[in-house]
Amino acid sequence: MDPRAKLILSLVYIVAVFLANSWAAYLASFVLAMVIIAASAIGPRFFWDGVKPLIGVILLTMIIQVFFGVGGHVYWHWGILSITSNGLLNAVYIAIRFILIILVSTVLTLTTSPLEISGAIEAIFMPLKKVHFPVYEMALMLSIALRFVPTLIDETEKILNAQRSRGADFSSGSILVRLKKLVAILIPLFESAFSRAEELATAMESRGYQGGEGRSKYRVLNYTKNDIIGTVTMLLAAVVIIALRR
């Protein structure tokens, strides 16, 4: 599919999931997510790898909702903390929303290259060029950022190994002690990132880069029949999900 269509449909799905507030709506959202995953033919391990790093964030959000949620029957109360039926229900809803959004977002990132995503964003924001919004510059910054994420991850791993070889221990001590130890990682990482940015800027200037105005495209984006079918299907599914709201 066209990356513009995939990006827009992912946003439509995310909005529909956030608007859902009933079990029927979440069931429809789950069925739609499973259909998308089945169509992508991606192995389940990749989706688990996408959910696993955010399990802590999901649990923390659920705990906050459980102890600070208000409304409904009160099961337990102590000071500003309380456990209510609405708090428990909203905690489950939030967890479902997180998981569904992560699953569909994983499909988007695994089936679309970073350059395609940045090109799609540039095309979507192109109407803002009429109000002098720097569309080309935004797309360039996004593509460079996506390009250097793996490089920075590799650089972080090298710094960690270098510090460990010098006897540094990042897995022991209190949270404050661990945060102080991270300074030994962040300083060389920032220094390396700024150095790479300066080298890249110098290389672009030496090649006469003057912005994206008037530049041609190596990959021309065109909507096809699959994009139209996918758009209609997603919009109908979003209408059904919203209609199943309480």
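FYI, side chains are in, hydrogens and waters are out, and symmetry mates aren't considered; it's all heavy atoms of this structure.
Closest of all the heavy-atom pairs between Val135 and Glu122 is CG1-O, 3.5 Å. Taking all atoms of both residues into account, the shortest heavy-atom contact from Arg97 to Ala20 is NH2-O, 3.0 Å. The shortest heavy-atom contact between Arg164 and Glu157 is NH1-OE2, 4.5 Å. Nearest heavy-atom pair, Pro188 versus Val183, reported as atom, atom and distance to 0.1 Å: CD-O, 4.2 Å. Here the closest heavy-atom approach between residue Ile241 and residue Ala28 is recorded as CG1-CB, 4.0 Å. Here the closest non-hydrogen pair linking Ile42 and Val107 is CD1-CA, 4.5 Å.
In this structure a side-chain-to-backbone donor-acceptor pair under 3.5 Å is present from Tyr13 to Ser29. Ser40 places a side-chain N or O within donor-acceptor distance of the main-chain N or O of Ile37, the cut-off being under 3.5 Å. No side-chain donor-acceptor contact under 3.5 Å links Lys6 to the backbone of Thr109. Glu205 contributes no side-chain N or O that, together with a main-chain N or O of Thr202, makes up a donor-acceptor pair within less than 3.5 Å. A donor-acceptor pair under 3.5 Å is formed between the side chain of Thr233 and the backbone N or O of Ile229. Looking at Asp2, its side chain does come within 3.5 Å of a backbone N or O of Asn222 through a donor-acceptor pair.
A 4.5 Å side-chain heavy-atom check between Arg166 and Asn161 finds every atom pair outside the cut-off. For the pair Val239 and Leu235, the minimum side-chain heavy-atom distance is 4.5 Å or more. The side-chain heavy atoms of Leu160 and Ile185, taken from C-beta on, include a pair separated by under 4.5 Å.
A distance of 4.0 Å separates CD1 in Ile94 from CD in Gln65, rounded to the nearest 0.5 Å. For the atom pair CG of Leu89 and CG of Asn21, the computed distance is 9.5 Å after rounding to the nearest 0.5 Å. Atom CG of Leu108 sits about 4.0 Å away from atom OG of Ser10, to the nearest 0.5 Å. Taking CD1 of Ile159 as the start and OG of Ser192 as the end, the distance is 6.5 Å to the nearest 0.5 Å. Remark: Ile121 CD1 to Leu7 CG distance equals 5.5 Å, nearest 0.5 Å.
At most 12 heavy atoms of other shown residues, nucleotides or ligands fall within 6.0 angstrom of atom CZ in Phe18.
A salt bridge links Glu155 with Arg196; the closest basic N to acidic carboxylate O contact falls under 4.0 Å.
When only modelled atom types and interatomic distance are considered, Tyr223 and Arg4 share no side-chain donor-acceptor pair under 3.5 Å.
Residues Trp23 and Phe30 place their aromatic rings such that the two centres sit no closer than 6.0 Å.
Asp227 pairs by the salt bridge (charged side-chain N to carboxylate O under 4.0 Å, His left out) definition with nothing, not counting sequence neighbours.
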